[in-house]
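Beneath this line is the structure, given in structure tokens, with notes to follow.
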Amino acid sequence: MRRRAAEYRRPVRRRFSYWIWALFGLFSVASLVLLVVNHNQHEDRVEQPVLMMNNLFITFHIEPAIWFSNIFMLCSSVGIGSEAPMFYLNVTAVLQERNTRLEQVAHESLNFTEEILSARSFSRQLAEQMTLAKAYVIIAKEHNNLHLAWELSSKIRSCQLLLSTAAMRGEPVTLEEAEPIIKSLSYLILRAEDAHYDIATTIMTMKSHIQALEERANAAAVQSMVFGQLAAEALPKNLHCLNVKLTADWLKKPSLQQLADEKRNSPRLMDNNIYHFCIFSDNVVATSVVVNSTVFNADHPKQLVFHIVTNGINYGTMQAWFQSNDFKGSTIEVQNVDEFSWFNASYAPIVKQLLDADSRDFGGYQDMDVVPKLRSPKYQSLLNHLRFYIPEIYPQLEKVVFLDDDVVVQKDLTPLFSLDLHGHVNGAVETCLEAFHRYYKYLNFSNPIISAKFDPQACGWAFGMNVFDLIAWKKANVTARYHYWQEQNADGTLWRLGTLPPGLLTFYGLTEPLDRRWHVLGLGYDLNIDNRLIESAAVVHFNGYMKPWLKLAIGRYKPLWERYVNQSHPFLQACVTS
């Protein structure tokens with residue numbers, strides 16, 4: 001049989017590549033050299049493997065267990081003999097030191113909340129068993145099995161101690177620590193089940209206790225609301241001291257009263273070519289901060305006029321403060337709401353409702369959230385409702401900016417007066433970026449009077465910094481609309497308490513949305529407002545219970561308010577010191 005030509009022969013299949021054979025040859029040569037060195041230099045038996053070990057340790061972190069076994073095999077293969085245990089000890093010490101460092105790092109970064117929520121942790125198993133054991137403690141006590149209840153309580157305390165210890169030291173619970181408690185708790189739970197505390201009994205017992213806890217939680221929520229309102233409405237001692245000193249100063253200085261009478265007839269109070277702001281408040285320091293921050297940030301403070309309305313108790317206080325201090329040449333008018341003869345029960349439904357509320361028996365209210373609010377001075381104050389009567393208070397003005405007494409002005413507000421409201425009455429910042437500021441959150445849409453006329457998804461807006469076109473106000477007869485809705489809500493079922501819900505109804509379709517940067521809210525309750533948003537805001541609003549003049553104010557925002565308090569005033573210094 002004739003052989004094929006070379007070019008037609010079938011190529012030989014090689015099982016290994018040439019470089020693998022070369023590598024194998026080099027490894028064989030290296031092994032021979034190592035054996036020769038081992039036989040000829042007995043004193044270097046330890047030094048040479050140690051050198052190799054050092055080279056291996058450079059990369060042993062990739063897989064410590066594999067590298068450890070290779071090192072030990074290497075020691076045996078080179079015939080180290082009696083020195084092998086020494087290498088084993090050295091390697092073990094290094095590995096233990098490395099593991100200790102890794103454990104320390106893990107312990108430092110241990111999040112015990114994540115640990116107790118982890119499905120694989122002993123902490124979660126202990127917590128779940130402890131919860132079940134607590135239920136059986138209650139059931140055992142109800143069945144007069146006090147010994148079992150005592151045993152369960154003892155193990156629960158041991159479990160709590162172990163978990164608290166693990167949390168304090170920052171280490172997870174180990175199997176050795178958890179095993180005895182888990183076994184003993186499992187045994188006691190089994191005993192409880194054998195005592196006929198079946199699942200139906202457990203469910204009924206837990207249900208009754210959940211209901212009791214809900215009742216206690218509701219009572220605590222109402223109590224917390226009452227305490228929060230008391231804290232927010234109570235006047236701090238230093239501010240009460242200031243009020244007393246200012247009132248005394250007003251009564252014993254006829255010159256202040258004469259100065260106030262002269263300014264009352266100033267033509268600037270009715271000049272529509274300058275800028276008018278109105279504030280309704282009984283807090284002299286808060287009002288002072290609003291005025292001071294507005295004039296401080298105004299380009300032309302002398303063109304500003306502030307119309308302040310307060311009650312009879314604080315009228316002398318307000319007059320004494322604003323007549324004895326200069327606010328960069330701006331004009332300030334202080335009025336007493338008790339002198340508004342037109343603001344009576346026959347004209348304003350809200351006055352009649354507030355008078356009825358003073359003599360109302362609150363025992364008939366089923367909603368426990370309503371009772372403390374009905375008793376709140378905030379909701380019973382006439383000053384809080386004057387914002388719906390601005391054209392009646394200032395009949396000759398055409399446009400005003402309304403400011404609450406818990407705001408701080410950070411930029412010039414005079415550009416607000418040149419904004420085009422497109423025929424609308426109210427210019428306000430909308431607050432519907434959050435879902436809970438839609439109309440349906442404020443109004444009772446189960447009532448056909450509300451559901452027939454309003455969109456539940458309509459966007460809410462904020463009181464606190466509003467531009468009011470009083471000409472458009474009179475044309476739309478806004479005050480009459482407000483009276484209509486107050487009469488419809490005589491039984492208090494159309495909306496939640498406050499001035500915003502009737503404002504949403506009254507100005508529905510009459511509100512022009514403003515840029516959000518004009519008015520940033522939430523500094524009286526929200527801890528996480530973006531600093532950039534606060535810095536860009538023209539007005540920041542401390543709406544909520546945590547007012548900046550109280551001790552419970554949010555410390556992060558308080559300096560924004562304190563910088564505009566006249567700390568140099570002798571009365572304020574004396575009251576703060578005392």
Side-chain angles (χ1 to χ4, degrees), residues 233-266 268-269 276-295 304-344 351 354 358 377-378 380-387 389-390 392-394 402-407 547-550 564-578:
E233 294 156 6
L235 194 66
K237 290 183 178 180
N238 57 341
L239 296 186
H240 179 70
C241 165
L242 178 64
N243 286 356
V244 171
K245 288 182 177 294
L246 288 171
T247 303
D249 196 46
W250 169 257
L251 293 175
K252 69 182 182 182
K253 286 186 178 179
S255 58
L256 290 177
Q257 301 179 23
Q258 184 179 358
L259 183 61
D261 291 336
E262 292 174 359
K263 290 184 177 181
R264 185 175 297 177
N265 299 319
S266 172
R268 292 172 58 84
L269 300 177
H276 296 265
F277 300 85
C278 56
I279 308 166
F280 309 136
S281 173
D282 57 359
N283 188 326
V284 63
V285 175
T287 307
S288 175
V289 167
V290 177
V291 174
N292 202 24
S293 61
T294 306
V295 299
L304 306 185
V305 179
F306 295 91
H307 304 270
I308 300 169
V309 180
T310 187
N311 53 26
I313 297 174
N314 294 281
Y315 177 73
T317 302
M318 289 281 189
Q319 286 284 20
W321 179 268
F322 286 103
Q323 300 303 333
S324 60
N325 290 282
D326 178 62
F327 293 89
K328 292 193 173 183
S330 60
T331 303
I332 299 175
E333 175 194 29
V334 179
Q335 292 179 275
N336 183 359
V337 68
D338 296 340
E339 296 177 358
F340 295 166
S341 58
W342 54 268
F343 195 47
N344 51 51
V351 177
L354 292 176
D358 290 338
K378 174 184 175 182
Q380 295 182 0
S381 173
L382 290 175
L383 295 173
N384 202 38
H385 301 273
L386 283 181
R387 64 194 70 189
Y389 298 94
I390 294 176
E392 282 79 1
I393 303 172
Y394 313 110
F402 166 76
L403 297 173
D404 265 336
D405 64 356
D406 54 354
V407 305
K547 301 300 184 187
W549 54 84
L550 301 175
Y564 296 107
V565 177
N566 186 5
Q567 305 285 359
S568 62
H569 196 282
F571 286 172
L572 197 56
Q573 287 183 341
C575 290
V576 170
T577 304
S578 62

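From a predicted model like this one, the values you see are computed outputs, not experimental measurements.
- His240 contributes atom NE2, which lies 11.0 Å from atom CG of Asn238 (distance to the nearest 0.5 angstrom).
- In this structure the side chain of Met318 reaches within 4.5 angstrom of the side chain of Thr287, judged on heavy atoms.
- Residues Phe340 and Val309 form a side-chain contact, since some pair of their non-hydrogen atoms from C-beta on lies under 4.5 Å apart.
- For the atom pair CD1 (Ile332) and CG (Asp326), the distance works out to 8.5 Å, reported to the nearest 0.5 Å.
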Step by step, work out the side chain to side chain contact (heavy atoms under 4.5 Å, CB included) result for Val290 and Phe277. CA-CA 10 Å; Val290 177; Phe277 300 85; over 6 Å; no
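- Within the 3.5 Å criterion, the main-chain N or O of Gly312 finds a donor-acceptor partner in the side chain of Asn336.
- When the shell of 6.0 Å around CD of Gln258 is examined, it contains 12 or fewer heavy atoms from other residues, nucleotides or ligands.
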Any chance you could lay out the side chain to side chain contact (heavy atoms under 4.5 Å, CB included) test for Leu246 and Leu242, step after step, and finish with the verdict? CA-CA 6 Å; Leu246 288 171; Leu242 178 64; 3.8 Å; yes
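- Across every non-hydrogen atom of Ser341 and Asn344, the tightest pair is O-ND2, 2.9 Å.
- In this structure, Asn283 CG and Leu239 CG are separated by 6.0 Å, a value rounded to the nearest 0.5 Å.
- Defined by atom type and a distance below 3.5 Å, a donor-acceptor pair is missing between the side-chain atoms of Thr247 and Asp249.
- You'll find the side chain of Val565 reaches within 4.5 Å of the side chain of Leu572, heavy atoms only.
- Taking the centre of each ring, His307 and Tyr394 come in below the 6.0 Å mark.
- Using a cutoff of 4.0 Å between basic side-chain nitrogens and carboxylate oxygens, Asp404 and Arg387 are scored as salt-bridged.
- Taking the six-membered ring for Trp and the full ring otherwise, Phe322 and Phe327 have centroids separated by under 6.0 Å.
- Side-chain atoms of Val337 and Thr310, non-hydrogen and from C-beta on, never get closer than 4.5 Å to each other.
- Counting heavy atoms from C-beta outward, Ile313 and Asp282 have side chains that stay 4.5 Å or more apart.
- The aromatic rings of Tyr389 and Phe343 sit perpendicular, their planes meeting at an angle over 60°, well past the 30° parallel limit.
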Run Asn292 and Thr294 through side-chain hydrogen bond (donor to acceptor under 3.5 Å, both in side chains) and show every step you take. CA-CA 5 Å; Asn292 202 24; Thr294 306; over 6 Å; no
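- Here CG of Leu259 is found 11.0 Å from CD of Gln257. Values are rounded to the nearest 0.5 Å.
- Taken from CH2 in Trp250 to CD in Gln323, the straight-line distance is 6.5 Å, to the nearest 0.5 Å.
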Going through the checks in order, is the side chain to side chain contact (heavy atoms under 4.5 Å, CB included) test met by Leu354 and His385? CA-CA 11 Å; Leu354 292 176; His385 301 273; 4.1 Å; yes
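- When side chains are defined from C-beta on, Ile393 counts as touching Gln335, because their heavy atoms get closer than 4.5 Å.
- Using a 3.5 Å distance cut-off with no hydrogens or angles, the side chains of Trp321 and Ser288 do pair a donor with an acceptor.
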Take Val285 and Trp549, measure what side chain to side chain contact (heavy atoms under 4.5 Å, CB included) needs, and give me the verdict at the end. CA-CA 8 Å; Val285 175; Trp549 54 84; 5.7 Å; no
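- Minimum interatomic distance between Ala574 and Lys245 (heavy atoms only, all atoms of both residues): CB-CE, 4.2 Å.
- Closest of all the heavy-atom pairs between Glu333 and Leu269 is CB-CD2, 3.7 Å.
- Atom CD1 in Ile308 sits 8.5 Å away from atom OG in Ser281 (nearest 0.5 Å).
- Ser324 places a side-chain heavy atom less than 4.5 Å from the side chain of His569.
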